[in-house]
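Side chains are part of it too, since the values below use all heavy atoms of this structure and drop only hydrogens, waters and symmetry mates.
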Amino acid sequence: MAEGPMMKPVTNPVLVDAMATFKVDLTNREHEKAFLEAAIEAKYLIPAMIERPATPPQEGEQVQARVAFQMMTNQKGDKFLPAFTDEIELRKNRKPGERFQVMVMGFMDLYRFMKANEGIGGMVINPFGSNLCLVRPQIMIIGDHNGELDVLTSAPAPRPAVPMGGGAPSAEDSRAAQQAAIRQAMADLEAAKAAETDEPAVSAITDDLLGALKAQLKKIKSVKKAYIEEASESDERFLLIALEADENTDIAEIGNTLSSECCDYSDLPFECVPATSIRAKDMVTNGKPFYEKKRFGIF
């Protein structure tokens with residue numbers, strides 16, 4: 001597993017496609033196998049809190065950092081580990097004020113972690129997007145057999161009760177029980193997410209953020225006014241900043257500067273547009289600028 005800045009962005013197009021195909025018909029064995037194969041080969045972005053020692057270790061001393069992974073809990077109290085296929089999906093997980101570091105983990109890394117933590121019911125891939133669950137017994141069986149998928153249809157699942165007729169569950173019974181557990185886990189997580197949306201939203205536009213933005217805009221002489229609002233497009237939340245500026249001002253470059261210098265003050269990405277943009281019309285017409293350049297350049 002890896003931690004910290006990534007040299008190459010993590011993306012999993014094969015897994016994303018396989019998830020979408022499998023969700024159309026969860027009973028299709030071919031699509032199920034393609035999904036599981038992709039899930040085993042994938043690398044995931046895992047939110048975590050990494051606590052390091054308060055004092056630097058002495059030379060030669062080995063000190064292990066404490067890692068606490070983020071968990072999702074359904075309404076029954078079952079815990080699932082959220083795993084994200086790419087940065088776009090990961091951004092959907094962030095809430096204002098939350099500070100998570102990101103670890104890159106493979107399927108076997110997750111298997112070993114869950115094996116050591118029996119209270120985790122499984123993992124949910126892209127919980128805020130086109131999510132799919134892998135329940136604990138699936139993960140344990142696959143991991144115990146080093147990624148071999150055939151065991152899912154040949155080994156009895158440890159979950160279903162013995163059928164009314166007696167005897168051990170068949171491979172088909174085991175598979176049906178696993179799929180029922182997946183569907184139930186997904187339904188429970190959806191219910192938990194729906195309950196969370198009933199909570200009052202916390203504004204992502206804080207005084208600290210506005211102060212940092214003003215400090216940067218003050219350095220840019222061509223910017224006269226700036227407006228900001230929280231926006232959402234295609235289920236993606238972001239901060240839309242409209243700039244009234246001199247002609248030929250490079251708005252995109254200013255956006256890059258603000259994103260780089262002020263990213264610590266918001267978990268949402270920034271997007272800058274000219275104040276004359278149709279996307280900024282309502283904000284400029286009905287709102288007030290949070291930054292306005294004073295006469296003679298005095299702010």
In this structure, NZ of Lys225 is separated from OH of Tyr291 (nearest 0.5 Å) by 12.0 Å

Val16 reachable from Leu134 in the ILVMFWY side-chain graph, under 4.5 Å edges = no

Between Ile46 and Pro82, the two heavy atoms sitting closest are CD1-O, 3.8 Å

| task | Return yes if some donor-acceptor pair links the side-chain N/O of Asn117 with the main-chain N/O of Gly119 below 3.5 Å, else return no. | result | no

So CD1 of Ile241 and SG of Cys272: to nearest 0.5 Å the spacing works out to 4.5 Å

- prompt: So, does Asn131 use its side chain to make a donor-acceptor pair with the main chain of Phe128 at under 3.5 Å?
  reply: no

Closest non-hydrogen atoms of Pro269 and Arg237, given as atom of the first, atom of the second and distance, are CD-O, 3.6 Å

Any luck finding a side-chain donor-acceptor pair between Asn12 and Tyr44 under 3.5 Å?
no

Value for CD1 (Ile139) from SG (Cys133), rounded to nearest 0.5 Å, stands at 9.5 Å

Check: Taking it one step at a time, do Leu132 and Leu26 satisfy side chain to side chain contact (heavy atoms under 4.5 Å, CB included)?
Finding: CA-CA 10 Å; Leu132 269 176; Leu26 291 175; 4.2 Å; yes

Quick one, Ile228 and Leu210 - any side-chain contact, counting heavy atoms below 4.5 Å?
yes

With sequence neighbours left out, the residues meeting salt bridge (Lys or Arg N to Asp or Glu O under 4.0 Å) with Glu244 are none

Distance col, row Glu261:CD vs Leu217:CG, nearest 0.5 angstrom, shows 11.5 Å

NZ (Lys43) and OG1 (Thr85) are apart, to the nearest 0.5 Å, by 15.0 Å

Spell out, yes or no, whether Ile120 and Met105 are grouped together once hydrophobic residues are joined by side-chain heavy atoms under 4.5 Å, including indirect joins.
-> yes

Taken in chain and number order and not counting sequence neighbours, the residues that satisfy salt bridge (Lys or Arg N to Asp or Glu O under 4.0 Å) with Asp246 are Lys224

**Asked** Do the non-hydrogen side-chain atoms of Pro47 and Leu90 ever get within less than 4.5 Å of each other?
**Response** yes

Side chain to side chain, Val223 and Lys293, heavy atoms closer than 4.5 Å: no

### Message
Check Glu89 with Lys92, please: is the shortest side-chain N to carboxylate O separation under 4.0 Å?
### Response
yes

| task | Apply the test side chain to side chain contact (heavy atoms under 4.5 Å, CB included) to residues Met123 and Phe80: give CA-CA distance (whole Å), side-chain angles for both, the deciding distance (0.1 Å), then the verdict. | result | CA-CA 5 Å; Met123 63 183 281; Phe80 286 79; 5.9 Å; no

Residues passing the ring pair (Phe, Tyr, Trp, His ring centres under 6.0 Å) test with Phe84, sequence neighbours excluded, are none

CE (Met19) and NE2 (His31) are apart, to the nearest 0.5 Å, by 15.0 Å

Taking every heavy atom of Phe270 against every heavy atom of Leu239, the minimum-distance pair comes out as CE2-CD1, 3.3 Å

Pair Gln138, Leu36 - check side chain to side chain contact (heavy atoms under 4.5 Å, CB included), show working.
CA-CA 10 Å; Gln138 278 183 306; Leu36 290 172; 4.3 Å; yes

Between Ala204 and Ser266 the two heavy atoms that sit nearest each other are O-OG, 4.4 Å

Heavy atoms of Pro127 and Val124 approach each other most closely as CD-O, 3.8 Å

Those residues at least two apart in sequence (or on a different chain) that pass side-chain contact (heavy atoms from CB on, under 4.5 Å) with Ile40 are Phe107, Ile142, Leu149

All heavy atoms of Met71 vs all of Phe113, minimum pair found to be CE-CE2, 3.8 Å

Practice item. Look at the side-chain heavy atoms of Ile, Leu, Val, Met, Phe, Trp and Tyr, link any pair under 4.5 Å apart, and say whether Ile205 and Ile254 land in one connected group. Key: yes

Cluster overlap Leu243 with Leu209, hydrophobic side-chain contacts below 4.5 Å = yes

Would you kindly confirm whether Met108 and Val14 end up in one hydrophobic cluster when ILVMFWY residues are joined by side chain heavy atoms under 4.5 Å apart?
no

- request: Verify the neighbour count for atom CG of Asp207: are there more than 12 heavy atoms of other residues, nucleotides or ligands below 6.0 Å?
  value: no

With sequence neighbours left out, the residues meeting side-chain hydrogen bond (donor to acceptor under 3.5 Å, both in side chains) with Asn256 are none

Across all chains, not counting sequence neighbours, the side-chain contact (heavy atoms from CB on, under 4.5 Å) partners of Arg279 are Glu233, Phe238, Leu240, Glu271, Val273, Ser277

